[in-house]
Amino acid sequence: NQGVFEPQLTGDFTLVNLDDPPLNAFASGYRVEDPMPSAAFLALGIDFFGFNAQVFTGQNSQTPTNRDRLIANGTGFGGIFSLNFVNPVNGIGAFSNNIDFGRIRAFSEPNLQGTFLGEVQFGPGAFGGLTSDLLIESAQFTCVFNQDVRCGVYDIQFGTFETDVTAVPEPASLFLLGTGAAGL
């Protein structure tokens with residue numbers, strides 16, 4: 001549930017909107033690991049690896065939030081794309097298009113290594129997101145295909161929990177407070 005997911009990640013939060021700069025500058029059909037798009041995704045905090053998925057336009061009718069572009073992570077027998085985070089996160093989520101669904105899987109180390117932290121379903125046409133107290137360094141998107149052998153993913157979002165910093169007085173302040181109270 002996006003309404004529950006997003007408020008948990010109030011520290012550092014990123015929404016990868018394929019319709020906004022810098023990603024909307026690339027022509028429809030570009031691949032996420034092509035040099036220029038790859039650099040743009042890297043600047044947003046993610047580095048794709050594995051299946052070199054394509055980003056297509058003309059998808060307004062498929063997405064409930066009226067997005068035009070989506071990542072099609074399957075053609076033929078493709079269908080999985082993976083990413084590493086530039087900085088570890090506590091949560092990852094995304095939407096699928098209206099006719100497909102799949103799973104988001106999270107791992108504690110880059111390249112889908114380390115501890116498997118969990119998975120969540122996303123779609124059809126709905127959001128799925130997961131959070132973890134252990135830091136997530138990589139994630140994988142898999143899809144259950146229908147007859148078109150593709151799955152659309154958009155609005156990838158990720159972030160960290162807000163750190164709760166409670167002020168703790170230093171020893172010298174405690175001493176001054178104690179001696180002042182004793183003097184009174």
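Phe13 pairs by the ring pair (Phe, Tyr, Trp, His ring centres under 6.0 Å) definition with nothing, not counting sequence neighbours. Residues satisfying the side-chain contact (heavy atoms from CB on, under 4.5 Å) test with Phe49, not counting sequence neighbours, are Ser82, Asn84, Asn111, Leu112. With sequence neighbours excluded, the residues satisfying side-chain hydrogen bond (donor to acceptor under 3.5 Å, both in side chains) with Glu6 are Gln2. Scored by the ring pair (Phe, Tyr, Trp, His ring centres under 6.0 Å) test, Phe85 finds Phe158 as partners (sequence neighbours excluded). For Asp19, the side-chain hydrogen bond (donor to acceptor under 3.5 Å, both in side chains) test picks out no residue, with sequence neighbours left out. Evaluation of the side-chain hydrogen bond (donor to acceptor under 3.5 Å, both in side chains) rule for Glu109 yields no partner, not counting sequence neighbours. Looking at residues two or more places apart in sequence or on another chain, you find a side-chain contact (heavy atoms from CB on, under 4.5 Å) between Pro88 and Leu135, Glu137. Applying the side-chain hydrogen bond (donor to acceptor under 3.5 Å, both in side chains) criterion to Asn17, with sequence neighbours excluded, gives Asp20. Residues satisfying the side-chain contact (heavy atoms from CB on, under 4.5 Å) criterion with Ala94, sequence neighbours excluded, are Ile104, Phe141, Val153, Ile156. In terms of the salt bridge (charged side-chain N to carboxylate O under 4.0 Å, His left out) criterion, Glu33 has no residue partners (sequence neighbours excluded).
Annotation: the span from Arg31 atom CZ to Gln54 atom CD amounts to 3.5 Å, rounded to 0.5 Å. Rounding to the nearest 0.5 Å places CD1 of Ile136 at 12.0 Å from OG1 of Thr115. With values rounded to the nearest 0.5 angstrom, Asn97 atom CG is found 7.5 Å from Gln59 atom CD. One finds the OH atom of Tyr30 at 10.5 Å from the OG1 atom of Thr57 (value rounded to the nearest 0.5 Å). The distance from the OG atom of Ser38 to the CD1 atom of Ile46 is 9.5 Å, given to the nearest 0.5 Å.
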Side chains of residues 122-134: which donor-acceptor pairs under 3.5 Å do they make with residues two or more places apart or in other chains?
residue	atom	partner	partner atom	Å
Thr131	OG1	Gln8	OE1	3.3
Ser132	OG	Leu134	N	3.1
Ser132	OG	Leu134	O	2.7

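Contact detail for Gly159 and Leu9: the closest heavy-atom pair is O-CD2, 3.7 Å. The minimum heavy-atom distance between Phe26 and Ala40, with the atom names listed, is CE1-CB, 3.9 Å. Taking all atoms of both residues into account, the shortest heavy-atom contact from Phe107 to Gln113 is CB-O, 3.5 Å. When all heavy atoms of Leu18 and Leu70 are compared, the pair lying nearest together is CD1-CA, 3.7 Å.
The stretch residues 37-53 participates, sequence neighbours left out, in no salt bridge (charged side-chain N to carboxylate O under 4.0 Å, His left out) pair at all.
Linking ILVMFWY side-chain heavy atoms closer than 4.5 Å, directly or via other members, places Val86 and Phe48 in two distinct hydrophobic clusters. Taking hydrophobic clusters as Ile, Leu, Val, Met, Phe, Trp and Tyr residues chained together by side-chain heavy-atom distances below 4.5 Å, Val55 shares a cluster with Met36.
With hydrogens and angles ignored, the 3.5 Å screen pairs a side-chain donor or acceptor of Asp68 with a backbone N or O of Gly58.
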(request) Would you please test Thr160 and Asn87 for side chain to side chain contact (heavy atoms under 4.5 Å, CB included) and show each step? (result) CA-CA 10 Å; Thr160 59; Asn87 297 305; over 6 Å; no
(request) Starting from the C-alpha separation in whole Å, work towards a yes-or-no answer on side chain to side chain contact (heavy atoms under 4.5 Å, CB included) for Asp34 and Asn52. (result) CA-CA 8 Å; Asp34 291 347; Asn52 195 2; 3.7 Å; yes
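Contact of the Ile80 side chain with the Gln140 side chain is registered, since non-hydrogen atoms from C-beta on lie closer than 4.5 Å. For the pair Phe161 and Thr10, the minimum side-chain heavy-atom distance is 4.5 Å or more. Put simply, the side chain of Gln157 reaches to within 4.5 Å of the side chain of Phe5, judged on heavy atoms. Annotation: side chain of Phe81 is not in contact with side chain of Val32 (no heavy-atom distance under 4.5 Å). With contacts defined as side-chain heavy-atom distances shorter than 4.5 Å, the pair Arg105/Phe116 qualifies.
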